[in-house]
Protein chains: 2
Amino acid sequence: MSEIKRQPLTEPVYYILLSLQTPLHGYGIMQNVKELTNGRVNIGAGTLYGAINTLLSKGFIAESDSDFAKKNYIITDLGRDVLRNELYRLRELVENGERILEGR
Amino acid sequence: MSEIKRQPLTEPVYYILLSLQTPLHGYGIMQNVKELTNGRVNIGAGTLYGAINTLLSKGFIAESDSDFAKKNYIITDLGRDVLRNELYRLRELVENGERILEGR
DNA sequence: GCTGATATATCGACTATCGATATATCGTTA
DNA sequence: TAACGATATATCGATAGTCGATATATCAGC
């Protein structure tokens, strides 16, 4: 497994990548994440646009069908690999937590 | 739910709290986390001792039966509440990931 | 025309992480 | 007994991520 594919993701970045299975623009990501988490996760503007630039430069997302007012993004194959690995990592956290806290 | 009980935990802090169900010292935490995660999570010294101080000041852990060479710590009731909430948050991340990535 | 929602972007403050560095003790073994 | 690696605590600086505030502009409805 290459290093780049198994970096832990922060919660905002995880939800940004989950939101980009189909093309979506920045503001739409904000709303989508808020809805997905029933209002719990509110991505700040600074986080969002900073994260988008970082994800673009890492090749985890790409620009897609932007018009003059809205820039749309979509996850790349590399981004999907990273996201799948993150899901494994999260399952490990949950399993360890359940085993230790609930004695399973 | 009070604010302090639902702050997202970072991975190192999560594993530090999981390690302190029984009294343990700093270096023991390092080793325990490495073992729990099959070598994947390696908590740096700076992270560990910085996190211990933060957790002490927040009341999530407390000192317990230290001797001159080893300082032992244990999770508090507040810390256990925080850890349980973190487990709920992680399950939400996993469920959202599975639903969106695997169409469940 | 006014207002609020939509939309992108930058800034500074803050926090956490990490590896490097430092110091000291302990047990083994050459 | 001297040397070594493991144990153990602690600080430092570099880096990166998050957040809220601020700024700017467009768009729809009233």
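Quick caveat, the model's predicted, so the values are computed rather than measured. We name chains A, B, ... by the order of the sequence lines, and we start the count at 1 in each one.
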Legend entry - Minimum heavy-atom distance between A/I29 and A/L20, given as atom pair plus value: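 Answer, listing the atom of A/I29 first, then A/L20: CD1-CD2, 3.8 Å.
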Inset, instruction - Could you list by number each residue of residues 17-30 of chain B showing a heavy-atom separation from DNA chain D of less than 4.0 Å, or answer none if no residue does? - result: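 Within this stretch, B/H25, B/G26, B/Y27 sit under 4.0 Å of the strand.
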Partner set under side chain to side chain contact (heavy atoms under 4.5 Å, CB included) for [X], not counting sequence neighbours:
X: B/L56; result: B/I52, B/N53, B/I61, B/Y73
X: B/Q31; result: B/Y27
X: A/T54; result: A/K58
X: B/K70; result: B/H25, B/D67

Can you tell me how far [atom2] of [N] sits from [atom1] of [X], to the nearest Å?
X: B/N53; N: C/dT17; atom1: CG; atom2: C1'; value: 15 Å
X: A/L48; N: C/dC11; atom1: CG; atom2: P; value: 17 Å
X: A/K71; N: D/dT26; atom1: NZ; atom2: C1'; value: 15 Å

Inset, instruction - Determine, for nucleotides 12-25 of chain D in 5'-to-3' order, which nucleotides have protein heavy atoms under 4.0 Å from the base (write B), from only the sugar-phosphate (write S), or from neither (write -). - result: B----SSBBB----
Inset, instruction - Say whether, by atom type as modelled, one donor and one acceptor occur between the side chain of B/Y14 and the main chain of B/E86 under 3.5 angstrom. - result: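 Side chain of B/Y14 to backbone of B/E86: no pair is present.
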Inset, instruction - Using atom types as modelled and distance alone, determine if a side-chain donor or acceptor of B/T76 lies under 3.5 Å from a backbone N or O of B/A62. - result: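 Here the side-chain-to-backbone pair does not exist.
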Legend entry - B/K70 side chain near C/dT25 phosphate (N/O to OP1/OP2, under 4.0 Å):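 Checking C/dT25 against B/K70, no side-chain N or O comes under 4.0 Å of OP1 or OP2.
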Legend entry - A/R84 side chain reached by A/R80 side chain, heavy atoms, under 4.5 Å: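 Side-chain contact under 4.5 Å: yes.
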